[in-house]
Amino acid sequence: MSELENFRGQNPAWCPGCGNLQILRTFKMAMVEMGLEPHELTIVSGIGQAGKFPHYTRCNTFNGLHGRTLPVAQAIRLANHEMRVLAVAGDGDCYGEGGNHFLSAMRRNLNITLFVHDNQVYGLTKGQASPTTDEGMITGTQPFGVLYEPLNPIALAVAMDASFVARGFSGDQDQLRGLMQSALEHKGFAFLDILQPCVTYNKVNTFQWYRERCYPVGPEHDPGDRVAAFRRALEFGERIPTGVIYRSERQTLEERIPVIANREPLVQQPFSPEDMAGELQKFF
Amino acid sequence: MSELENFRGQNPAWCPGCGNLQILRTFKMAMVEMGLEPHELTIVSGIGQAGKFPHYTRCNTFNGLHGRTLPVAQAIRLANHEMRVLAVAGDGDCYGEGGNHFLSAMRRNLNITLFVHDNQVYGLTKGQASPTTDEGMITGTQPFGVLYEPLNPIALAVAMDASFVARGFSGDQDQLRGLMQSALEHKGFAFLDILQPCVTYNKVNTFQWYRERCYPVGPEHDPGDRVAAFRRALEFGERIPTGVIYRSERQTLEERIPVIANREPLVQQPFSPEDMAGELQKFF
Amino acid sequence: MDYTIKIGGQAGQGLQTIGAVLAKLFARSGFHVFTHQDYMSRIRGGHNFYQVRFADHEISASRKAVDILVALDKNTVAEHLGELSPFGLVVYDSETVREKYDGENLLDIPFRQIAMDAAGNRIMENTVAVGAVLGMLGMDLETLDELLAETFARKSREVVDQNLAAAKAGADFARANCGQCNFSVNIPGLAAAQEKGAAADVSAVAPRRMLMDGTSAVGLGALASGCRFYAAYPMTPSTGVMNFMAAQSGRHSLVVEQAEDEIAAINMAIGASYAGVRSMTGTAGGGFALMVEGLSLAGMTETPVVIFVGQRPAPATGFPTRTEQADLLYILHAAHGEFPRVIMAPGNPEQAYYLTGKAFDLAEKYQVPAFIISDQYLADTEWTLDALDPSKINYQDYRLRAGDLAKLADYRRHAYTDTGVSPLAEPGASHHLVVTDSDEHDQDGHLVEDAETRVRMVEKRLLKKLPLIRDQISPPLLHGDENPETVIVGWGSTYGVIKEAVDRLGEKHSIAMLHFSEIYPFPGTGKFDYLEVLRQAKLTVCVENNATSQFARLMRAETGFVFNKLVNKFDGRPYLLEELLDELGEPGMGGPGKTSPEKGGPGMGGPGKTSPEKGGPDKPGGFGRSPKHDGSGEHDV
Amino acid sequence: MDYTIKIGGQAGQGLQTIGAVLAKLFARSGFHVFTHQDYMSRIRGGHNFYQVRFADHEISASRKAVDILVALDKNTVAEHLGELSPFGLVVYDSETVREKYDGENLLDIPFRQIAMDAAGNRIMENTVAVGAVLGMLGMDLETLDELLAETFARKSREVVDQNLAAAKAGADFARANCGQCNFSVNIPGLAAAQEKGAAADVSAVAPRRMLMDGTSAVGLGALASGCRFYAAYPMTPSTGVMNFMAAQSGRHSLVVEQAEDEIAAINMAIGASYAGVRSMTGTAGGGFALMVEGLSLAGMTETPVVIFVGQRPAPATGFPTRTEQADLLYILHAAHGEFPRVIMAPGNPEQAYYLTGKAFDLAEKYQVPAFIISDQYLADTEWTLDALDPSKINYQDYRLRAGDLAKLADYRRHAYTDTGVSPLAEPGASHHLVVTDSDEHDQDGHLVEDAETRVRMVEKRLLKKLPLIRDQISPPLLHGDENPETVIVGWGSTYGVIKEAVDRLGEKHSIAMLHFSEIYPFPGTGKFDYLEVLRQAKLTVCVENNATSQFARLMRAETGFVFNKLVNKFDGRPYLLEELLDELGEPGMGGPGKTSPEKGGPGMGGPGKTSPEKGGPDKPGGFGRSPKHDGSGEHDV
Ligand SMILES: Cc1ncc(C[n+]2csc(CCOP(=O)(O)OP(=O)(O)O)c2C)c(N)n1
Ligand SMILES: Cc1ncc(C[n+]2csc(CCOP(=O)(O)OP(=O)(O)O)c2C)c(N)n1
Ligand code: SF4
Ligand code: SF4
Ligand SMILES: [Mg+2]
Ligand SMILES: [Mg+2]
């Protein structure tokens, strides 16, 4: 039976007040509500504060390299398409070091879920700018303030036609729980960007800052309209839309690869060395 | 004086009929029309058929690694912002191996130009799918056909707010020459995706195929309207818009870094080891 | 009997088809065959060649001397005329080549015209060329018929017939016009069988041998080892393995993913392996550069993974389509931190097949990354070989699956054990959680920072496992004299040429080859004291296809042994037999006195290269002196 | 006089401030200072410490024995109480720590309360602690006043005064309540000066020394070498250099770019260098994994670039904030293909400064990549040192600029020359085109595929340059007995601890340190026959902060020399002085007989580790036996 206690892991080493703590709590509640047990999910995480996430709960876990969550997560799914796979990354992890994998994962459209704990800063390495850091923010590495335009992950995902694109805020746990569940239940690549205060290094985008700006998109928003979704995605400043911004149902990759489509997972398919005797014959 | 003869390089080793040949010719004409001399431009290229480009003309050249044109090109510009820098990449180069740099370069917005010779296939390595290969195309590596949704570079660039986003077709040399010149003259990161037949490995997107579909966007299209540009960018199929799709003027990075903004290029700033004696003092 | 046919021309002219058909045909006819290819990094034009050698005895290298040169363009004549053996001939079509040559040893055959006349189709001109070669050799077309039927099995009989007609016309023309032709090709065993009165045909008498290239051998080895997942990014000379696997993925339980880059490729391979399937990635040296971080991840998480690296001349992009052996020390030391790895460097397709199997077995058993190092030369050369045996590959599933896991009360992914090998479970197959981490972790796989766990984990992961893996490594192969005065040492793809050189020289000298194909953990001397063999020898020569004698350096680091002669080639081309013989000079005579390791000065991978003694042994076939492509003495990068 | 103060607590409690102020204060007071830090990979909480040692004689390592332990939390008391020296004391605030300890050696000082009382502000509690330490040591607050004034120069005098009041109150409290305090700290030279009657204060008499950490030293060395461009991606323990450079970029002609990943970072550094400016990148071992391909690009295009690598315990993410020396062979062999490189491994901040300068000089002169290898330990340790001299760094612009180029009729980027070094021109500075290529290229930099050019380019790029670079390399440093019976060998950051251990042991024994800081090209014996010193010694010990004795392995590969004792530590922590002394046992007596290289079995980096002899030399300060964190005999990855 799925119970909160089942998901208790190491004591989090995050700073008190860190948005990650809320995300963690919400995740556990979502798991319990969905009736999932720890072994039914594999969490793949990267390196960063967000990357520590799986150690603070209990699931199958592959905590890999900085920036490389998605290739690992996707391959796990290809090898075992009966396993639910959740990739957990930081904004630096996913949009910085791992940007190329993010692009590819959206195109590949495997049935996996991605949470990006987006605190708009590099937390673990002590406060350098991340791709989503606001222009002008001064850091030890950006003494003249950030001079680039921030990356807009939602707009990017809409442009890449990702099949589920949503934004949550760690401070709105009710909405967030729902988004987590929708993402985990969506068939296809589901991307959830979670705005999360970093109380130590991000003095610009604070809890208060997010709280004042985030608003849930209403029923008038049609997540099936790509251009509308793009227009909505461009909103990030005085107002920040949360909720499901874009959704496009299409076949997942595991449904399209003949060897595994409508078959048992690769990991369960039988093997015997004799299977390939026929291949050897061709060389005579 | 700028003359075509000045830009003659090695004999191209491309296949007869390859779209690269037209791009090369058009480029040389653009250079001559703009009155540029070979030493006034540095071409940075990657590896692939497109990567051979600079050897078939004459300019300063850094032919680097597969996928890594943009970091090199950007750094050259940072070191010498009086040098014109042109990055030449293939679609695999830029959207595959180098995807992460592409994202960053658009945010950084240095005043450089990027040509992507987009033949929707990996030419040099003999015909595997590239990120822009159409769904369903069968290759030696994709025996069941390409199972991913192709990447839409124009939509992606609009989502990233690249400051100049255009598409050309190697078969329309007049338009292409104009686009090349606009891109080279644009202040900021200028991105030109050039559709180019690969006569050997891409039997789907042939010269004819492009010819029938490509149409120049008319004056009704406002490249300053990001949402309209996005809508236009989504067109790729029966009709393919060419021309300048999106344009957003903003400060370039070299205008924002105090050490070089409004100053001579870094490479010309004087240095003497004594300059840093003051720094040593701080350690007493 | 030992003939070499070289087909030269531009990319896109179809010379690979001609070469491949001839090679297969000779193999089917019962000959030993060896082929090698040389091509430029371009799709059309340029200059490429395909060299096919066949003989009635074992062969394992290409010769420089060419008996029949099929020239598809003018350039081929210019480049290779000088390579003709004393009775050698050039055959060409003056219409295609746009040149008419004088000279007794140049035979103009109108391939294109014959194709039009005999089959009504220009595209059969290459088939005419194949026929012409067979005609020149005096062979009949029985086996070709069979081959054409197979090749065009999916097309109509008409296509087969047209091709055969074209070939026959080519053969007839050649027989009629080749006054100079002086080849005698006897199908092994055929005459004897026919004497016995049986209506024996070639396929009945010829020994059944496979014709296989290194690429296919690696792919087959992986398949036979239960490889289920292959992720890669295309890069010469590794793309062949990827394509081979992709082709299999329709027929076998195998997913092949083209990754967005090499970083993704190795991380995918690791992910799939974590999920419970055997997995592999492949690349060239430059692509492997992007996998180095992932390699370290495999080391830390103890995730089995097999990595195929096709070497090519570098640094950087280098020569994309050519060959070199310059990534050994790089692969051996790649990645931050210390963890065990396995390195196999097969010398021929047979070894490539079995050692790929062994790489999988060791990777899975010890939960470490295992490499197969190859190069363009091994990838492309084809060899005849006896039937490969799938059952000789040790296949054992070392992982805990649902059944095993159900029985366990407790499971810890990184549990301390006597061997250092912890139980590897399939995630999701039971309630036991499978947790691993790229950070230092505890037995449960969760991240820790304390010194004590660190030390125990290093002991477990590295210090305990390494000696156990070493015990599984086979010693190098000694071939030739058992108490040799001269020992020629090599590793990986130089196997064939060294072996054949040693066989030749062995006719007059006390000489042996010592070949290393299982390179790391470096073989101990317990099973075979190869160091003793080296110490007893008067002359020890290390032959490598690189500039800095990397293996010699490794040998010194591992054993203290220092060679007294280093032979290097680093022009992007493999050693031809004559070249190596020439480099070796008169073994046992030349070479400086043995330098004791004590005397080796610092900063040197060994003593400077000695200039090879003049002149090679005088053999039929005409051993020309090869241009020297070797570096001078001081080099030790 | 030789005291150690350790400040322990949680991340975020400000222990770094306390440590840094004390260190600077002791340095300003004329003492020799050495500090080291230990922290977990987290921003708040956990357990960190900062250790400050100061003495009236040269010191270069941390001791295990602590004289004053400033405990900011309970955990610190629990973890470190056992480290107290015989007269050692713990000082803590029972309010913060939430525990009141009994025991004579635990002094409860209400830091927080005193801060509130004296300065009206809780945040001064750390200043109170600094004052308390000074009070316990019996030092006056003159130098602190000066320091506080500097630190808060931008704030109001009020802030300075408040801080000073807090410190004074802390000192007063400590003086009044520390019955056990038994320290005697005499400012060097002060008494003497005062006797002479002058109104001498500390700043007048104290020798002027710098207090510097390894990170700043590398940054300063780069600045002094004309580094103009620094591109990197943050990664511990290299981020410090990046931040140092970023801070300078406002004041100097220097652009610092945070790249999107390490691949971009090195390609940017190469691009900037191609464009004509000196450039550098920096990372840790794991980030360097992603730079390996770029390294090869620098090698092929002969583009000068300096690469700083801060090692940390690995594989993979490992221990992000701790120390190890396990990336030497990896860095040495990284990247496909063969090309020269330079590797510097400084042992202290002074070396870090000058060798960074030398790395730039060699990189530019020979157009090769040059490395500075450091680790978390060297990055963070602070040392007192004599003034660094900018003029001792050789700065010379080897590039062709507009003026030089105007005079040239012809220019070829990769022209063949006697030295292998081709002219390196600034693109755009003239009509001459600067063309280079990652493919094999001709003298003009354009891509080619022929064998002959390849061979000449390898000769030019690699074989000619390498010996010339080697000539520039300084031999290892011999410190101690000139004809030592025992030689302790180390490289990089173990310099300080080995030196101090050798100094100690040298009082009774014939012993010396041989320290390698210029590692590659491996130093020849021409300038100093260090091999002879090793051969003459009875006992040779190689001390490394890794599990597999990588340097010992390199030594064997380069020189054939085999150590007869290997000492390793791989728990992520540096050697403390007592630990090393303990490992060394009684030198000259212990250790097995010298194993000759000939006898070293294959597959071993050297003979197995010998168990250290019992008991270290008996010195005041109490040398406890350290737990053994060393691997057992067989290890040779
Ligand atoms: C290859 C590599 N480069 C750099 C690092 C250092 N590093 C660890 S986490 C991190 C960034 C963390 O930022 P983010 O992903 O936003 O996560 P957060 O800590 O903010 O949750 C960096 C740069 C690394 N571990 N590996
Ligand atoms: C790191 C690395 N991976 C792979 C390759 C092999 N490679 C060279 S070019 C290329 C793809 C070429 O495709 P594209 O960029 O579209 O260029 P095109 O040849 O089509 O112009 C690949 C995969 C390489 N050189 N380096
Ligand atoms: S540094 Fe920021 S992201 Fe990291 S734990 Fe602290 S508050 Fe959270
Ligand atoms: S393979 Fe394609 S892209 Fe390459 S040269 Fe030929 S036609 Fe052009
Ligand atoms: Mg973050
Ligand atoms: Mg392409």
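Everything numeric here is computed off the predicted structure, so don't read it as measured data. Residue numbers begin at 1 in each chain, while the letters A, B, ... track the order of the sequences. What you see below is based on every heavy atom in this structure, not just the backbone, and it leaves out hydrogens, waters and symmetry mates.
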Pick one of side chain, backbone, both or neither for [X], based on which atoms fall under 4.5 Å of a heavy atom in chain A.
X      : answer
D:E257 : side chain
D:S249 : both
D:L290 : side chain

Rounded at 0.5 Å granularity, tell me how far [atom1] in [X] sits from [atom2] in [Y].
X      : Y      : atom1 : atom2 : answer
D:T317 : A:I47  : OG1   : CD1   : 3.5 Å
A:Q128 : D:M242 : CD    : CE    : 7.0 Å
D:I43  : A:C198 : CD1   : SG    : 7.5 Å
A:T141 : D:Y233 : OG1   : OH    : 11.5 Å
D:M235 : A:L124 : CE    : CG    : 10.5 Å

**Study point:** Flag if over 12 foreign heavy atoms under 6.0 Å of CZ, D:R251
**Key:**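 Above 12, so yes.
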**Study point:** Neighbour count >12 (heavy atoms, 6.0 Å) for atom NZ, A:K203
**Key:**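 Count over threshold, so yes.
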Check your understanding: What's the verdict on side chain to side chain contact (heavy atoms under 4.5 Å, CB included) for D:R44 and A:T200, showing C-alpha distance, side-chain angles and the deciding distance?
Key -> CA-CA 9 Å; D:R44 294 284 164 80; A:T200 305; 3.4 Å; yes
Review point. With a 4.5 Å limit on heavy-atom distance, are the side chains of A:K52 and D:S41 in contact?
Key: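 When only atoms from C-beta onward are counted, D:S41 and A:K52 do touch, with a gap below 4.5 Å.
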Point to revise | Shortest non-hydrogen contact between D:Q258 and A:Y148, atoms and distance | key: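 What the structure gives for the nearest pair is O-OH, 3.4 Å.
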Check your understanding: Side chain, backbone, both or neither: which part of A:Y95 has an atom under 4.5 Å from a heavy atom of chain D?
Key ->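 Neither part.
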